[in-house]
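Quick caveat, the model's predicted, so the values are computed rather than measured.
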There are 2 protein chains.
Amino acid sequence: MNTKVRYGVRTAMELALKKPGEDIYQKDISINQEISYKYLDQIIAGLKSAGLVTTVSGKKSGYILTREPGRISVYDIYTAFNPGLAVVECLSDEEVCKKEERCAAKHFWEELNDVVERYLKSITINDLLEKQVEINKQLAE
Amino acid sequence: MNTKVRYGVRTAMELALKKPGEDIYQKDISINQEISYKYLDQIIAGLKSAGLVTTVSGKKSGYILTREPGRISVYDIYTAFNPGLAVVECLSDEEVCKKEERCAAKHFWEELNDVVERYLKSITINDLLEKQVEINKQLAE
DNA sequence: AAAAATCCTACTAAAATGGTAGGATAAAAC
DNA sequence: GTTTTATCCTACCATTTTAGTAGGATTTTT
């Protein structure tokens, strides 16, 4: 899990809090989330080309999520920055291990991959926001 | 999951098949598993310093597992080559994120980390060997 | 003593990571 | 219609990690 995925998640959380009529700019996200303004360029570009975020460019434009936060999973954000989930390289179709299907280890790595993938798909941006509310409540006590 | 962990798992599987009186040398593992003899040096060194493998002095010498295959998990092998499991860097104690406990994302990464850790701990070398027997049986059909 | 095996340290090419830099483009405000 | 402010786009780069290679020292067996 590299910084792009992590920052991507936090960016999506930030955008999910946008209220109708309100504008959220790259600058806002950069400041709130303490992510370099320029690096955020690449984060947002990734989210856009994955179809998770959209914008109208121009002076007052800002960004917006294309789907409700409850319909964007962490897996969606992960795949915005990675070709696919592969906990070991022999799972990505590029490289083909000589041992292939004879390899019990490979079967195990595939199962691990499934475990992780299922979990990433099960958590949405909305879940994270709810968790955030819960955390804020606990801190206020 | 880097090559050291993957090769480490396959090396442990190889050693687990050792019968009493039989010797398994680095050379054997290198040939059977198609791992460079010299690189295997480092793999075995890691397994040894983690206490999973020891050198036996007998007729010649060779290596042996220090525990039954059913009591060596993939997590044990993982930690032989990595300081600890951390799917994101802010989970390793070295770096401390400014957001710390206020961050819902971090809580999520921690849960993901637990999911992976539990799974790695749940699978033993013995499980992999049993799976291998199953695969061999299916291929023979 | 020779041979065969383990043990140990250092080096390195290539790729990935986590950014920075500089400017082009688009549209709203004046 | 020009200035301002925001997005968009491409290239570059330092550092770290990865996946080994290399060379030899030491120990054990024959």
Whole-Å gap separating [atom2] ([N]) and [atom1] ([X]):
X      : N       : atom1 : atom2 : answer
R6(A)  : dG18(C) : CZ    : C1'   : 10 Å
L47(B) : dC7(C)  : CG    : P     : 12 Å
Y37(B) : dG20(D) : OH    : P     : 17 Å
I31(B) : dA5(C)  : CD1   : P     : 10 Å
I44(B) : dT27(D) : CD1   : P     : 18 Å
M1(A)  : dA16(C) : CE    : P     : 17 Å
L40(A) : dT7(D)  : CG    : P     : 9 Å
N2(B)  : dG20(D) : CG    : P     : 10 Å

Looking at [X] and [Y], does any basic side-chain N land under 4.0 Å from a carboxylate oxygen?
X       : Y       : value
K121(B) : E117(B) : yes
E134(A) : K137(A) : no
R67(A)  : D76(A)  : yes

Nearest-nucleotide pick for [X], side chain only, options being [options]:
X      : options                  : result
Y63(B) : dT6(C), dT7(D), dC8(D)   : dT6(C)
Y39(B) : dT7(D), dG18(C), dA19(D) : dA19(D)
Q42(A) : dG23(D), dG19(C), dT6(C) : dG19(C)
Q26(A) : dG19(C), dC8(D), dT7(D)  : dT7(D)
K27(B) : dA19(D), dT6(C), dA5(C)  : dA5(C)
Y25(A) : dG22(C), dC8(D), dA6(D)  : dA6(D)
T55(A) : dC8(D), dG18(C), dT6(C)  : dC8(D)

Give K4(A) one of three labels, base, sugar-phosphate or nothing, depending on what nucleic acid heavy atoms sit under 4.0 Å from its own. nothing

With a non-hydrogen cut-off below 4.0 angstrom, is Y7(A) in contact with a base, only sugar-phosphate, or nothing?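 It contacts sugar-phosphate atoms only.
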
Any side-chain donor-acceptor pair under 3.5 Å between Y39(A) and T3(A)? yes

Can you tell me if the side-chain N/O atoms of S36(B) get under 4.0 Å from OP1 or OP2 in dT21(D)? yes

Is K48(B) near enough to dC7(C) that one of its side-chain N or O atoms lies under 4.0 angstrom from OP1 or OP2?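 Yes, within the criterion.
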
Which is more 5' along DNA chain C, the nucleotide nearest D41(B) or the one nearest K38(A)? Just name the residue.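 Final value for this comparison: D41(B).
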
Whether Y119(B) and F108(A) hold their rings parallel, tilted or perpendicular, with breakpoints at 30° and 60°: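 The rings of Y119(B) and F108(A) lie parallel, inter-plane angle below 30°.
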
